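Residue numbering restarts at 1 for every chain, and letters A, B, ... go by the order of the sequence lines. Heavy-atom basis, side chains included; hydrogens, waters and symmetry copies ignored. Bear in mind that the values here come from a model prediction, so they are computed numbers and not experimental data.
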Amino acid sequence: GQQLNQSPQSMFIQEGEDVSMNCTSSSIFNTWLWYKQDPGEGPVLLIALYKAGELTSNGRLTAQFGITRKDSFLNISASIPSDVGIYFCAGQAGADSKLTFGKGITLSVRP
Amino acid sequence: GAVVSQHPSWVICKSGTSVKIECRSLDFQATTMFWYRQFPKQSLMLMATSNEGSKATYEQGVEKDKFLINHASLTLSTLTVTSAHPEDSSFYICSARKLRGSETQYFGPGTRLLVL
């Protein structure tokens, strides 16, 4: 099935650094979502974006819905050890459509 | 809030037996629930979509007779893995959507299934 493109597969940063993750698609989505998954747990919703160009923050996290509706990015500022985990982007074409997930980016934060 | 629970959190069973996994929305009513499976280091793969009171819609390649889904109420959906085999071992995650037309899915904590 269709997937969103997330790369690289893994990222390693130092505690306190900022990190940016990108998610791209060949098709348009009307909703973009960012989830974080800890080992052995289900994904937890971080930020939901519903409008092209929208910029939304949740604490140290900021995400934007690309103007073309084919991409989104997530920024984490001043990273801390508990930011470690897998970050998935997900897109939804319509209100009743299923989610399309990226492959996820595993973030490691060195203390 | 939007809390989704799953039970059990992990299960070990013998090959050939059936296993039932429950997904509950604790503080909201869910007209639609979704079942995913996830293999190690991979993304979530949608198995089926279930709407309360109607038959589930299965994704291509997912056997509906093997993965039985029942969505009997607005707060409960169950996934039964029938005649489980070792290749069914995986992490099964459900999600729930609050209202028809609302995009956001809230995920449960997952159920780890190991078939011996």
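The line from CG of Leu99(A) to OH of Tyr36(B) is 4.5 Å long, rounded to the nearest 0.5 Å. Here Leu45(A) contributes atom CG and Gln105(B) contributes atom CD; the two are 10.0 Å apart, rounded to the nearest 0.5 Å. A distance of 3.5 Å separates NZ in Lys98(A) from CD in Glu59(B), rounded to the nearest 0.5 Å.
By the rule that hydrophobic residues join a cluster once side-chain heavy atoms approach within less than 4.5 Å of another member, Tyr92(B) and Val19(B) end up as members of one cluster. In the hydrophobic clustering of ILVMFWY residues, with side-chain heavy atoms under 4.5 Å counting as a link, Leu44(B) and Trp35(B) come out apart. Tracing side-chain contacts under 4.5 Å through hydrophobic residues (I, L, V, M, F, W, Y), one never reaches Ile47(A) starting from Phe73(A); they form parts of separate clusters. Hydrophobic clustering, with ILVMFWY side chains joined whenever heavy atoms are under 4.5 angstrom apart, groups Val84(A) together with Leu74(A). In terms of hydrophobic clustering, with Ile, Leu, Val, Met, Phe, Trp and Tyr side chains grouped at heavy-atom distances under 4.5 Å, Phe101(A) and Val62(B) are assigned to different clusters.
At a cut-off of 3.5 Å, with distance as the only test, a side-chain donor of Gln38(B) or Gln37(A) sits close to an acceptor on the other residue.
Residues of residues 53-63 of chain A placed with any heavy atom under 4.5 Å of a heavy atom in chain B are absent; none qualify.
Annotation: Lys64(B), atom NZ; neighbour count of heavy atoms from other residues, nucleotides and ligands within 6.0 Å does not exceed 12. Within a 6.0 Å radius of NE2 in His85(B), more than 12 heavy atoms belonging to other residues, nucleotides or ligands are found. In Gln9(A), the CD atom is not crowded: 12 or fewer heavy atoms of neighbouring residues, nucleotides or ligands sit closer than 6.0 Å.
Your options are Ala48(A), Pro43(A), Gly42(A), Ala90(A), and the one with the most heavy-atom pairs under 4.5 Å with chain B is Pro43(A).
Neither the backbone nor the side chain of Thr106(A) comes within less than 4.5 Å of any heavy atom of chain B.
Ser43(B) and Gly102(A) make their closest contact through OG-O, 2.7 Å (heavy atoms, listed as atom of the first residue, atom of the second, distance).
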